[in-house]
Amino acid sequence: MGTYLNPGNEGFRTILKGLYVDKTGLIDYVNSTLDTPLKLTSFSRPRRFGKSFAAKMLCAYYDCSCDSKSLFENLKISKKGSYKEHLNKYNVIYLDITWFISRSKTRKTDVLSDMQTTVIAELRETFPDFVYENERYLPDALLSISRNTGNKFFVIIDEWDALFREAKEDEKTQEEYVELLRGLFKGGTATDEMIIGAYMTGILPIKKYGTESALTDFREYTMIEPLVLSEYIGFTEQEVQSLCATYDVDFEKMKQWYDGYSFSDLKSVYSPHSVINAVLFKKFRNYWKSSESFTSLKGYITSGFDGLKDAVVFMLGGQRMEVDTSTFQNDMTSIESRDDVLTLLIHLGYLAYNEEDGTVYIPNLEVTDAFKTAVKGSGWDEVNEALSRSEKLLNATINGDAEMVAEALELAHETCASSLEYNDENSLSCAILLAYYTARNYYEIFRELPSGKGFADIAFLPRKDTNKPAMIIELKYNKSADTAIQQIHDNRYGGKLKGFAGKVLLVGINYDKEARGAKRKQHSCIIEEA
């Protein structure tokens with residue numbers, strides 16, 4: 001066993017000793033691509049979504065220098081027809097790009113030259129007759145070995161995009177890196193001779209130049225379009241339910257904190273790192289704050305592109321925003337618009353993408369907390385003020401203080417004034433959801449919840465571990481708060497909550513556009529107990 005050639009199965013063996021969710025079904029898919037035109041797989045996911053776990057799993061499965069039968073015999077892959085055919089059958093090249101970047105910084109050497117020299121030296125130890133003493137180009141070394149032995153390589157590249165993230169301004173090194181990858185994977189007959197399959201993983205999809213991928217022969221699976229690999233992006237709802245049952249953890253709270261990523265064929269995907277921490281420590285919190293990408297979040301959302309601040313405020317208010325993901329060049333420097341920033345945040349895991357309507361949204365409570373933290377100190381004083389007053393607004397509503405509720409909504413109006421054309425009930429609801437930001441800790445919040453004869457504009461249904469009252473909010477524009485309350489009564493919205501064994505508040509809110517000119521308050525509120 002080596003470091004870069006056939007690194008063995010110890011990495012996966014260690015993973016299995018911890019809390020492990022069986023994702024070996026990914027192996028069956030990769031097996032189906034081997035030695036076919038689809039043999040090059042690029043699977044990008046956010047940090048802490050299990051990328052390196054998958055890479056070590058594939059190492060353990062394909063590496064011909066070890067016997068991994070005992071590791072896989074009770075896992076899902078062992079039930080697949082392809083299992084025995086490919087188990088421990090190939091020479092594996094494993095490249096962790098972040099490791100080589102770290103080495104080059106310590107040794108003050110060129111990262112690409114150091115990587116090739118180091119890997120070739122290890123290849124020469126195992127295949128001394130087929131690797132020239134002065135060989136410096138990795139693709140040539142692999143080709144020579146394959147032609148002389150008749151054996152192909154399975155190549156695994158972990159954190160493939162690290163050079164694009166950590167050497168953001170070094171375009172020369174990035175271009176040389178892309179050319180090296182092309183030498184490995186875009187060599188036509190030569191690639192077919194030496195590569196039986198490849199698996200690249202990283203945060204960003206493959207770098208684009210214009211509209212075309214730099215490595216067109218790879219089949220890509222991303223946070224925007226995971227295709228058949230969506231169940232391997234993170235944890236599925238069934239997997240999380242099983243963990244919660246096994247370790248006696250509240251599933252509803254787990255869902256509230258870490259669910260929210262959704263794809264066309266899989267509607268609930270959870271953040272794996274956060275779920276595992278919540279299970280181990282029995283505590284629900286934001287487990288992303290120590291990650292590298294979190295430190296950059298504030299910089300991205302305050303980068304000043306037209307419409308970006310408005311989009312963030314809108315999403316903090318519980319709304320979804322349309323986005324054009326096609327212009328993003330899959331790097332950290334070619335960001336030229338609001339949509340490029342939003343697309344980057346999808347790949348970083350801070351936004352979820354709805355492929356069906358092309359919209360983005362903040363997926364869960366954990367990420368919402370990250371946005372709130374990032375907004376602090378951003379210069380968005382009015383947004384911070386609205387968020388900081390949210391708890392007081394909720395308490396005022398529960399206590400029936402309609403006057404304070406109206407005042408808080410005035411502030412929310414000012415916060416959203418640049419973001420919304422504030423002249424309809426839909427816009428008013430966004431401002432209200434921003435004002436009631438803290439309520440997400442205690443309530444499930446629904447817009448247009450079917451109830452009684454009609455639809456409640458916003459319904460706050462308390463979570464089972466709280467003693468808060470339910471709230472039904474009816475919104476009106478240029479009418480009156482009395483009209484809003486009357487509509488609640490007329491439509492019997494309370495009927496939907498018949499089984500709720502607690503207090504139900506009916507909240508009528510009206511926005512009066514003409515009040516500004518008359519120097520009267522624009523918002524009025526009436527609160528009743530059902």
Side-chain angles (χ1 to χ4, degrees), residues 4 6-34 38-63 66 68 71-72 74-80 82-83 86-88 90 92-99 153-162 196-206 218-223 225-236 239-240 243 261 263 266 269-277 291 293 347-349:
Y4 314 108
N6 296 332
N9 57 24
E10 195 56 37
F12 187 56
R13 187 186 301 276
T14 302
I15 290 170
L16 292 177
K17 293 177 181 177
L19 194 160
Y20 179 68
V21 172
D22 188 348
K23 290 293 186 178
T24 57
L26 175 63
I27 297 173
D28 189 50
Y29 168 75
V30 177
N31 283 346
S32 73
T33 71
L34 296 179
L38 301 179
K39 65 187 174 187
L40 306 179
T41 299
S42 174
F43 191 12
S44 59
R45 287 175 279 169
R47 186 175 296 282
R48 299 185 175 184
F49 267 63
K51 298 186 302 299
S52 295
F53 278 25
K56 291 175 181 178
M57 174 187 73
L58 293 171
C59 276
Y61 177 78
Y62 288 116
D63 187 341
C66 58
S68 300
L71 301 182
F72 291 101
N74 294 318
L75 300 177
K76 291 178 181 178
I77 183 59
S78 66
K79 309 299 189 296
K80 302 294 184 179
S82 68
Y83 171 59
H86 302 288
L87 177 64
N88 300 133
Y90 308 109
V92 170
I93 297 293
Y94 175 73
L95 306 176
D96 181 348
I97 304 303
T98 56
W99 164 253
F153 290 87
F154 188 90
V155 180
I156 298 171
I157 304 181
D158 194 9
E159 301 286 0
W160 90 270
D161 58 328
I196 195 165
Y199 181 88
M200 289 204 319
T201 187
I203 295 175
L204 297 176
I206 294 173
F218 271 84
R219 177 62 63 90
E220 288 200 72
Y221 304 87
T222 71
M223 292 296 288
E225 196 173 24
L227 303 173
V228 297
L229 299 187
S230 57
E231 68 177 290
Y232 305 111
I233 286 280
F235 288 168
T236 66
E239 290 166 344
V240 174
L243 283 173
Y261 303 95
F263 307 105
L266 192 64
V269 174
Y270 293 67
S271 168
H273 174 80
S274 302
V275 168
I276 288 175
N277 276 297
S291 73
S293 59
H347 293 300
L348 293 176

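Residues take their numbers from the sequence shown, with the count starting at 1. Bear in mind that the values here come from a model prediction, so they are computed numbers and not experimental data.
Counting heavy atoms from C-beta outward, Lys56 and Thr14 have side chains that stay 4.5 Å or more apart. Two residues are said to be in side-chain contact when any heavy atoms from C-beta on lie closer than 4.5 Å; Ile206 and Trp160 meet this criterion. Arg48 is not listed as a side-chain neighbour of Ser271, based on a closest heavy-atom distance of 4.5 Å or more. Residues Thr24 and Tyr61 are not in side-chain contact: their nearest non-hydrogen atoms beyond the backbone lie 4.5 Å or more apart. Contact check for Phe235 versus Lys23: side-chain heavy atoms found under the 4.5 Å cut-off. Using a 4.5 Å cut-off on side-chain heavy atoms (C-beta onward), Tyr261 and Met223 make contact. Side-chain contact check for His86 versus Tyr90: some heavy-atom pair is nearer than 4.5 Å.
Proximity of a side-chain donor or acceptor of Asp161 to a complementary backbone N or O of Leu204 within less than 3.5 Å is detected. Of the possible polar contacts, one joining the Lys51 side chain to the Pro46 backbone as a donor-acceptor pair under 3.5 Å is found. Between the Thr201 side chain and the Asp158 main chain, no donor and acceptor come within less than 3.5 Å of each other.
What you find for Pro205 and Glu220 is that their closest heavy atoms are CB-OE1, 3.4 Å. Taking all atoms of both residues into account, the shortest heavy-atom contact from Leu40 to Ala198 is CD2-CB, 3.7 Å. In terms of heavy-atom proximity, Thr98 sits nearest to Ala162 at CG2-CB, 3.7 Å. Nearest heavy-atom pair across Pro272 and Gly234 is CG-CA, 3.6 Å. In plain terms, the two heavy atoms of Phe263 and Pro226 that are nearest each other are CD2-CG, 3.5 Å. Across all non-hydrogen atoms, the minimal contact from Ile233 to Ser44 is CD1-O, 4.4 Å.
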Tyr4 vs Asp96, test: side chain to side chain contact (heavy atoms under 4.5 Å, CB included). Steps then yes/no. CA-CA 9 Å; Tyr4 314 108; Asp96 181 348; over 6 Å; no
Could you check Ile156 against Cys59 for side chain to side chain contact (heavy atoms under 4.5 Å, CB included), going step by step and ending with a plain yes or no? CA-CA 8 Å; Ile156 298 171; Cys59 276; 3.6 Å; yes
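Rounding to the nearest 0.5 Å places CD1 of Ile27 at 11.5 Å from NZ of Lys80. For the atom pair CG of Leu75 and OG of Ser68, the computed distance is 11.0 Å after rounding to the nearest 0.5 Å. Atom CZ of Arg219 and atom CG of Leu229 lie 10.0 Å apart (nearest 0.5 Å). Between the CZ atom in Arg47 and the CD1 atom in Ile203 there is a gap of 4.0 Å [rounded to 0.5 Å]. Between the CZ atom of Phe154 and the CG atom of Asn6 there is a distance of 12.5 Å, given to the nearest 0.5 Å. Separation of atoms CG (Leu87) and CD1 (Ile77) is listed at 9.0 Å; rounding is to 0.5 Å.
Taking the six-membered ring where the residue is Trp, the centroids of Phe72 and Phe12 are separated by under 6.0 Å. In this structure, Tyr62 has its ring center no closer than 6.0 Å to that of Tyr94.
Residue Phe53 places its CZ atom among 12 or fewer non-hydrogen atoms of other residues, nucleotides or ligands, all under 6.0 Å distant.
Side chains of Tyr221 and Tyr29: a donor-acceptor N/O pair is present below 3.5 angstrom, by distance only.
Residues forming a side chain to side chain contact (heavy atoms under 4.5 Å, CB included) with Glu231 (at least two apart in sequence, or on another chain): Thr236, Leu266.
Residue pairs meeting the salt bridge (charged side-chain N to carboxylate O under 4.0 Å, His left out) criterion with at least one partner in residues 12-22, sequence neighbours excluded, are Glu10-Arg13.
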